[in-house]
Amino acid sequence: MLRSPFFCFIVFLFLLSCKEKKTITVNTKPIKKEAISFREKGIENFEKKNFNVSFYNFNKAKIAYETLKDSANIVFCLTKMASIQQINGDYYGSKETLTEALPYIKKRDIYTVSINNYFGIADKELLLYNDAVYYYKEAMKDCTDSVTKQAPLSNIAVVYIQQKKYDKAITILESILNKKTADSKSKIFSEARVTDNLGYAYFKKGINEKGLLLMNESLEMRNQEDDIYGSIESNLHLAEYYAKIESKKSNQYALDAYKTATKLNSIDERLEGLQFLILNHSGSESTHYAQKYITLNDSIINIRNNFKNKFAKIKYDSKKEKDENQKLRLEKAEDLVTLQKSKIQRIVLFSGFIILLLTIIYLKKDHQNKTRIVKIKTAYDTETRIAKDIHDELANDVFNAITFTQTQPIATTQSKETLLKKLDHIYTRVRGISRENNDIDTGANYADNLKEMLSTYNTDQTNVIINSIETVNWDLIDDIKKVTIHRVLQELMVNMKKHSDASLVVVKFDINSNNLFIDYTDNGKGNEKKHIIKNGLQNMENRILAIKGTINFDTEPSRGFKVKISMPK
């Protein structure tokens with residue numbers, strides 16, 4: 001291969017200039033000590049219910065553990081942060097925090113149980129019941145024994161009650177109660193909760209006597225074991241039971257729930273208790289409770305909005321501080337290297353200036369040729385992929401359909417139906433290939449169309465999460481780049497569908513004053529890094545390079561697949 005006439009001399013000067021560079025090592029002991037300190041403060045304040053302070057400390061600990069590359073502790077901190085967000089009603093924020101933890105999970109274990117359970121809780125509270133059931137089932141897959149499976153299984157039953165699928169809920173809850181497990185305080189608490197939900201499900205189904213018996217039994221168990229918080233739920237269920245048949249009893253249970261919830265500062269349960277108190281009274285008393293409800297509801301909305309803003313600000317400030325500290329460290333390192341190399345640089349400077357003048361024309365022509373080659377290769381790769389899709393996905397199906405018409409009696413109803421299914425399958429595949437290669441609307445509907453394209457890969461087997469696409473002002477992005485983004489993400493999704501067997505895919509967008517960033521992560525089977533190019537991803541790299549962007553692939557067998565894309569706006 002021919003080289004530029006100045007190539008060897010440039011390499012020589014580069015080696016000469018780097019000859020005295022020294023490796024700078026970082027002392028991790030202070031960072032580890034700092035990480036442990038923040039982590040312990042986070043736990044301590046969490047137990048004291050100082051949630052703002054706890055969130056701040058867990059976030060600082062997470063940043064320190066990122067420097068140490070301690071994945072387990074990063075996941076622990078992010079999970080606790082998501083828990084705090086859920087306690088304060090920030091369910092969308094908690095899902096974003098949980099998503100941050102996914103790239104650090106190297107195997108399915110107790111952490112994935114916790115994360116999937118929190119995803120389920122968030123979706124349940126957001127009334128996304130089918131998604132909640134999906135995540136609870138994912139949590140069960142990683143439970144190591146029947147006892148640990150009871151929590152997500154019980155949560156599934158609660159969702160079924162909300163969906164009015166009472167028979168399904170009853171079947172699950174009775175199966176939990178029938179299992180013989182070691183007797184412990186936590187087990188009794190769990191049994192009381194399951195018994196109460198089972199009684200509530202029977203009541204909602206219309207089997208009132210059995211439902212009342214179980215709900216009373218649960219309340220008695222909770223009172224005996226001093227489960228004060230659990231008694232709120234029992235009292236609320238009994239208040240609902242008596243609401244239409246004996247308002248005086250309903251009122252007493254609602255009042256007990258309200259008083260206990262007030263004592264424990266449990267806002268949602270206080271509001272629910274007030275609803276029954278409003279329903280069970282009339283006149284001035286009903287007005288009194290209604291005013292309390294309105295005041296409390298307005299207050300909690302403001303408080304939770306403040307919490308959401310504070311959590312977002314803590315994350316933003318910490319990221320800014322981390323970036324500034326890293327910039328300072330880099331500046332100090334660069335200063336040190338500059339001092340070490342100053343003598344050599346003076347020698348090299350004059351020679352480098354001459355070489356720059358002699359090679360500028362050569363490099364300019366070379367760049368033009370490379371850009372043209374990249375564009376040609378991108379078009380060629382696209383044509384090749386379309387041809388391969390037609391050959392692999394359509395040729396055999398068309399041949400089989402023709403053979404079927406030649407060998408089967410088409411006059412029969414069954415044969416007609418079989419042929420129609422084959423033709424419909426061929427039509428669906430043709431539409432798929434057309435959709436993957438048709439023109440892209442880069443106008444006002446671009447974001448919606450991109451989101452719709454990604455969502456088409458959302459199936460019962462694969463859950464696709466799209467984060468922060470609305471935060472990008474797409475009007476500022478060049479049309480050519482919009483087309484490139486659409487095509488690259490489409491190729492990533494096709495690659496995932498064909499090769500990865502992923503159950504979870506996360507596509508996250510971010511933007512600053514100069515650049516657009518896209519992070520793709522899936523939990524599929526992954527691949528050897530050296531085989532990435534051979535798997536058809538070279539075409540994506542060519543597209544991104546053609547718009548002066550960068551794309552990095554990160555994958556290992558059984559550790560999923562990650563892609564980081566950045567480009568100027």
Side-chain angles (χ1 to χ4, degrees), residues 55 59 62-63 66 78 81-82 84-86 88-104 118-119 122-123 125-126 128 131 304-324 440-458 463-490 492-493 504-522 544 547-552 562-569:
F55 188 91
N59 192 56
K62 181 210 72 163
I63 292 171
E66 284 175 342
L78 286 168
M81 290 163 65
I84 293 170
Q85 288 173 294
Q86 291 194 2
N88 291 281
D90 184 11
Y91 297 106
Y92 284 111
S94 75
K95 289 178 70 173
E96 186 169 341
T97 301
L98 292 169
T99 302
E100 284 184 55
L102 297 179
Y104 298 102
Y118 278 125
F119 267 124
D123 282 337
E125 295 299 326
L126 294 169
L128 303 172
D131 291 343
R304 285 180 173 171
N305 284 337
N306 287 337
F307 268 117
K308 292 175 186 178
N309 293 333
K310 285 178 183 177
F311 294 149
K313 190 174 188 304
I314 287 169
K315 280 188 174 183
Y316 173 79
D317 289 345
S318 296
K319 184 178 185 299
K320 185 178 179 182
E321 182 183 348
K322 178 186 175 183
D323 292 343
E324 288 175 353
I440 294 166
D441 180 7
T442 58
N445 298 321
Y446 176 79
D448 291 337
N449 292 337
L450 178 60
K451 194 170 184 179
E452 182 181 354
M453 182 276 290
L454 294 170
S455 298
T456 58
Y457 295 89
N458 204 10
N463 188 29
V464 179
I465 298 175
I466 306 164
N467 276 341
S468 305
I469 191 171
E470 299 84 1
T471 63
V472 179
N473 185 352
W474 293 101
D475 293 336
L476 302 178
I477 308 300
D478 181 79
D479 285 354
I480 294 175
K481 290 173 183 174
K482 289 182 185 177
V483 172
T484 299
I485 292 167
H486 189 105
R487 291 297 187 209
V488 168
L489 288 177
Q490 191 173 57
L492 279 171
M493 300 305 287
L504 181 65
V505 177
V506 179
V507 182
K508 183 177 180 182
F509 297 80
D510 196 10
I511 193 166
N512 62 23
S513 57
N514 298 315
N515 295 296
L516 172 66
F517 305 94
I518 303 172
D519 286 353
Y520 168 96
T521 304
D522 72 44
I544 296 298
I547 59 170
K548 298 181 180 180
T550 63
I551 182 168
N552 295 307
K562 288 174 275 188
V563 180
K564 289 186 177 294
I565 301 170
S566 68
M567 65 186 71
K569 286 200 299 189

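This one's a predicted model, so the numbers in the text were calculated from it and none came from an experiment.
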Specify the closest pair of heavy atoms between Phe55 and Ile84, including all atoms of both residues, with the distance to one decimal.
-> N-CD1, 3.7 Å

Residues, nucleotides or ligands: over 12 heavy atoms within 6.0 Å of Leu126 CG = yes

Does Asp90 reach the main-chain N or O of Gly93 with its side chain, forming a donor-acceptor pair under 3.5 Å?
-> yes

Looking only at heavy atoms, which two atoms of Thr550 and Ile544 are closest? And how far apart?
-> N-CG2, 3.5 Å

Note, Tyr520 side chain near Val505 side chain (heavy atom, < 4.5 Å) = yes

Could you check if a side-chain atom of Met493 sits within less than 4.5 angstrom of a side-chain atom of Leu454, using non-hydrogen atoms only?
-> yes

Find out whether Val563 and Leu492 are in side-chain contact, i.e. whether some heavy atom of one side chain is under 4.5 Å from a heavy atom of the other.
-> yes

Work out which heavy atom in Ser94 is nearest to a heavy atom in Ala82; give both atom names and the distance.
-> CB-O, 3.5 Å

Should His486 and Tyr446 count as side-chain neighbours, where that means a heavy-atom distance under 4.5 Å?
-> yes

Checking Asn458 side chain against Val464 main chain: does a donor-acceptor pair fall under 3.5 Å?
-> yes

Are Lys62 and Glu100 close enough that some pair of their side-chain heavy atoms sits under 4.5 Å apart?
-> yes

Is the side chain of Lys508 donor-acceptor paired with the backbone N or O of Ile466 at a distance under 3.5 Å, no angle test?
-> no

How would you list, by chain and number, every residue that makes a salt bridge (charged side-chain N to carboxylate O under 4.0 Å, His left out) with Lys569, sequence neighbours excluded?
-> none

Can you find a pair of side-chain heavy atoms, one from Gln86 and one from Tyr91, that are under 4.5 Å apart?
-> yes

Kindly write out the residues that satisfy salt bridge (charged side-chain N to carboxylate O under 4.0 Å, His left out) with Lys562, not counting sequence neighbours, or none if the list is empty.
-> Asp554

Any chance you could measure Tyr457, atom OH, to Leu489, atom CG, to the nearest 0.5 Å?
-> 10.5 Å

